[in-house]
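To start, the structure under review is shown below, and the notes come after it.
Every number for a ligand or one of its atoms is a count from 1 in the order of the listing. Below, all heavy atoms of this structure are taken into account, side chains as well, without hydrogens, waters or symmetry copies. Here, residue 1 is the first one in the sequence, and each next residue gets the next number. As the structure is a prediction and not an experimental result, all values here were calculated from the model.
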Amino acid sequence: MSAPSRRAAKLTSFFCGLQKVYQNAGSHAKSSASAQQVITRRTLRIAATVAPALVTLAIGVFSLLALAHLAAAGDAVARSRDIKESLHTVLARLTDAETSQRGYLLTGSPEYLDPGAGAAADVHRALAATRRLIADSTEQRQLDTLSSVISEKLAELARTRRAYDSAGLAAAAATVRSNHGQSLMEKSRGLIGRIEATERTRFEQREMHEAELRILTAALIFAAIILAGLLSLLVNTILSRVLAAREIADQRRQKVLVELESVNRRLSEQAQEMKAQTVELEQANEDLRQLSDDLARQREAAERASERVTNVLDTMSDAFISFDRDWVIRQLNREGIRLTNDAGPSIVGRNIWELWGNWIAPELATKLRDGMAGRSVAPFEFEVAPDHWFDIRMNGTADGLAIFFRDVTAERRARVERERLTEQVQAEHNRLLTVVEQSPLAISIVEARSGRRIIWNHAAEEVMGASLGDSISATTSAIKAFHEDGSPLTQGEWPLARAIAGGKVVMDAILEIERPTGERRRVCVNSAPIRDAQGKVDAAVAIFWDVTEQHKAEQELRSARLDAESANRAKSEFLAVMSHELRTPLSAIIGYEELLFDGITGPVNEGQRTQLGRIKASATHLLSLIDEVLTLSRVEAGREVARPERVPVFSALHEASIIVEPLALDKKLALRVLPVPRDLEVWADPTKLRQILLNLLTNAIKFTDSGAVELESRRRDDCVEIMVRDTGIGIAPANHDRIFDSFWQVEQRSTRKVGGTGLGLSVSRRLAHLMHGDIVVQSTLGVGSTFTVLLPARRGS
Ligand code: ADP
């Protein structure tokens, strides 16, 4: 459905809805009003009807009750009257029976018996009737008594008559004269009189009650009528007021309803109109839809076709751009979008000269125009930006121009780089060949697969004394080779063959070769495999040189060294012997000097004492020199033995410092032993350790004019370091190694000033070596030196 028809339909449904709402509202208003009215009227009617009815009913009920009471009272009066009459009948009939019997007795005529005939039955019937009317028990008992008295009276009358009938008047008169009959009669009268009196009293009471009831009933009815009248008046008043109010509300509601109906009418008219419009719009919409469907189908077909073309173009790795004959861009594929800096579909429809006119170089513009004109343009590479190259192909058609282009910057760079590298490799190769050729070392390179010799130089042929041949086998068959022990080399034992076969480097292989002339030469060969990119041995290189002369020289050198060593040993032994021989007389000299000095052999004057002092100093110096020489020679001769044990470092340092303390005091130097861990121990020969420390401390004091000498020690890994530090003259770096040489002293002349033999450090280091340790120096000229003794911290470390 189209948008307008949808709008129309919406409007129609809106108006219909509105109309319904109004209709509902109207009908609702109406129905609710009428319902309310009906309810209210009904209620009022019910109230108006029921209230008087109820009042009337109440009055009726009360009246009925009063009347019932009245009737009951009337009944009671009537009953009293009936009782009175019955009793009266009893008495009358009894009297009749007595009277008729007296008449018969007097006359003897049976007609007189007629009035009394049936009196007995009447009396009993009247008594029974009276009994039914009397409810009171006392009276019932009186009635019983009356009944038996009357029965007795009647029996007495019957007896009298029988006596008359059987025995005559006298017998009957006797019975009558007995007055029994009279008393029974009196008794009956008395009883009846009492019952009557009782009934009379009751009759009067009932009459009074009836009169009261009558008055009460009349009052009640009167009051009820008044009440009903008042109630009717009240109901009527309320009803008329409510009805008046309802009338006003009804009028208002009616007015609203009229308005609602008119609105409703208007709305329904508008809804009708809208409906008509909607129908028209829907028709138009239907037409449009059909048109649009046709168009969509056509567009879809065109899009599918275009999509197929676009997909094909997008899958191309080359960029594609096409222009129509007006140079307007018509299509770009994905790569084209990328290469035009993601300008994307936004540039489709733009003229390329407007878009890229400034950027397109004249040369490219010419080619583009040629292509558009249908002239054939060969593929070409074009620098679109500095060092940014495109490969461009053009295809002019009747519709315009299609261009395929590709960023070949990387390709071009790679190509240029490849060419550069090729040239470089070639140059390197040539240089290498030159180097190889000019190398004094013999070089030969053999291809692994074929054994073909690829490179060899002049030196190689010179060493071999013959042409090497173009293969390794040619060489091995032309030239004999031998191991150092003289055994001949097999073909596979040639270093080149070993490098190819084993893929390993063969270092310093010594061979003896026999030249074709028969001359034997000693050759040292190094050979290594050359691997390709996959690591496979591709070739092998052998570098060799003639070591015949060198070998000879080495042999001579070795024998010279052996000679020197034996000479040194002899020297050491000589020195040991000499030292020993010198030591004995020197000790004696010192002893005699002390005897002389102490005046044991006679008085000695001051001048002699001075001379004796100098003799002692020289002798002592000589003795220490001899001691050191002795130690050195013992060490060199291998006769000095170290007996290491666990030595507490703290005590070793303190002992040494105490010994050299006077020397430090003489020079006014501070001598300090820095804190050492108490449990620090070193694995050393205590005597040799003391000798080393004394040597180092003496040197430190000797070569320090001011400042301090310090001793320090610490554990480092498996070692103990003992540092002797001074603030003395220091040692130039160039002399750090040489000071450990025997008899060597820095600045010989100046150190002579302080004396010394040049053996102290040499001996100390050798002693340290004997204990598997060492001595090293750190020193700065003019600042001071630190000699560090390194010794094992425990056995075997
Ligand atoms: P010397 O008997 O001459 O001391 P040493 O072998 O003990 O022989 O020392 C060799 C030389 O090393 C010394 O003559 C001196 O020149 C130098 N030397 C040794 N110790 C020190 C030091 N603490 N300070 C400066 N120079 C030193």
Side-chain angles (χ1 to χ4, degrees), residues 572 575 579 582 586 617-636 640 653 656-657 659-674 687-713 721-770 773-790:
S572 294
L575 279 175
S579 301
L582 285 170
L586 205 57
S618 300
T620 312
H621 175 62
L622 205 54
L623 193 61
S624 76
L625 174 66
I626 287 165
D627 277 345
E628 278 173 349
V629 169
L630 213 54
T631 312
L632 184 67
S633 59
R634 268 206 311 276
V635 171
E636 280 188 343
E640 186 74 22
L653 299 192
S657 76
I659 294 170
V660 298
E661 205 170 9
L663 299 177
L665 278 175
D666 274 356
K667 293 191 77 176
K668 298 193 175 51
L669 297 174
L671 178 66
R672 287 193 286 264
V673 180
L674 299 183
T687 316
K688 292 185 171 53
L689 176 60
R690 191 184 309 117
Q691 196 173 341
I692 292 170
L693 292 177
L694 288 176
N695 261 333
L696 297 178
L697 282 167
T698 315
N699 277 352
I701 295 165
K702 198 158 65 177
F703 297 107
T704 305
D705 292 329
S706 64
V709 173
E710 286 176 350
L711 266 169
E712 195 184 356
S713 182
E721 294 177 343
I722 300 171
M723 282 78 76
V724 179
R725 197 175 296 125
D726 64 55
T727 54
I729 58 170
I731 306 157
N735 295 325
H736 284 185
D737 284 336
R738 301 181 68 187
I739 52 172
F740 291 98
D741 291 347
S742 304
F743 303 110
W744 198 92
Q745 293 172 311
V746 180
E747 291 179 18
Q748 313 257 345
R749 262 185 305 119
S750 69
T751 49
R752 283 280 178 266
K753 220 169 35 182
V754 291
T757 60
L759 278 174
L761 288 178
S762 164
V763 168
S764 297
R765 183 175 251 184
R766 283 165 198 249
L767 290 177
H769 287 174
L770 262 185
D774 201 359
I775 300 176
V776 292
V777 64
Q778 286 170 303
S779 181
T780 309
L781 207 56
V783 176
S785 313
T786 300
F787 284 84
T788 305
V789 186
L790 296 150

Should you measure from each heavy atom of [X], which atoms of ligand 1 turn up under 4.0 Å away?
X      : result
Leu759 : 6 (O), 8 (O)
Gly760 : 5 (P), 6 (O), 7 (O), 8 (O)
Lys702 : 1 (P), 2 (O), 4 (O)
Ser785 : 24 (N)
Ala700 : 23 (N)

Of all the heavy atoms in [X], does at least one lie under 4.0 Å from an atom in ligand 1?
X      : answer
Gly728 : no
Phe740 : no
Asp726 : yes

* Sidechain-backbone polar pair: Lys667 side chain, Thr704 backbone, donor-acceptor under 3.5 Å ->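 Checked: pair present.
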* State, yes or no, whether a side-chain contact exists between Val724 and Leu711 at a heavy-atom distance under 4.5 Å. => yes
* To do: Check whether any side-chain heavy atom of Leu674 lies under 4.5 Å from a side-chain heavy atom of Met723, and answer yes or no.
  => no
* Asked: Taking distance alone, with no angle check, do Ile729 and ligand 1 share an N/O pair under 3.5 Å?
  -> no
* So which of Thr704, Asn699, Val709, Leu781 gets nearest to atom 20 (N) of ligand 1, if we judge by its closest heavy atom? -> Asn699
* Looking at Thr631, Asn699, Asn695, which one forms a side-chain hydrogen bond (donor to acceptor under 3.5 Å, both in side chains) with Ser764? ->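 Result for side-chain hydrogen bond (donor to acceptor under 3.5 Å, both in side chains) with Ser764: Asn695.
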* **Closest heavy-atom pair and its distance - Ala656, Leu693** => CB-CB, 3.9 Å
* Asked: Looking at Gly784 and Ser779, what are the two nearest heavy atoms and their distance?
  ->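 Scanning both residues completely, I find the closest heavy atoms to be O-OG, 3.2 Å.
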* **Salt bridge present between Glu640 and Arg766 (N-O < 4.0 angstrom)** => no
* Structure fact -> Any heavy atom of Ile731 under 4.0 Å from ligand 1? The part involved is side chain
* Test side chain to side chain contact (heavy atoms under 4.5 Å, CB included) on Val709 and Arg672 and set out the steps. => CA-CA 6 Å; Val709 173; Arg672 287 193 286 264; over 6 Å; no
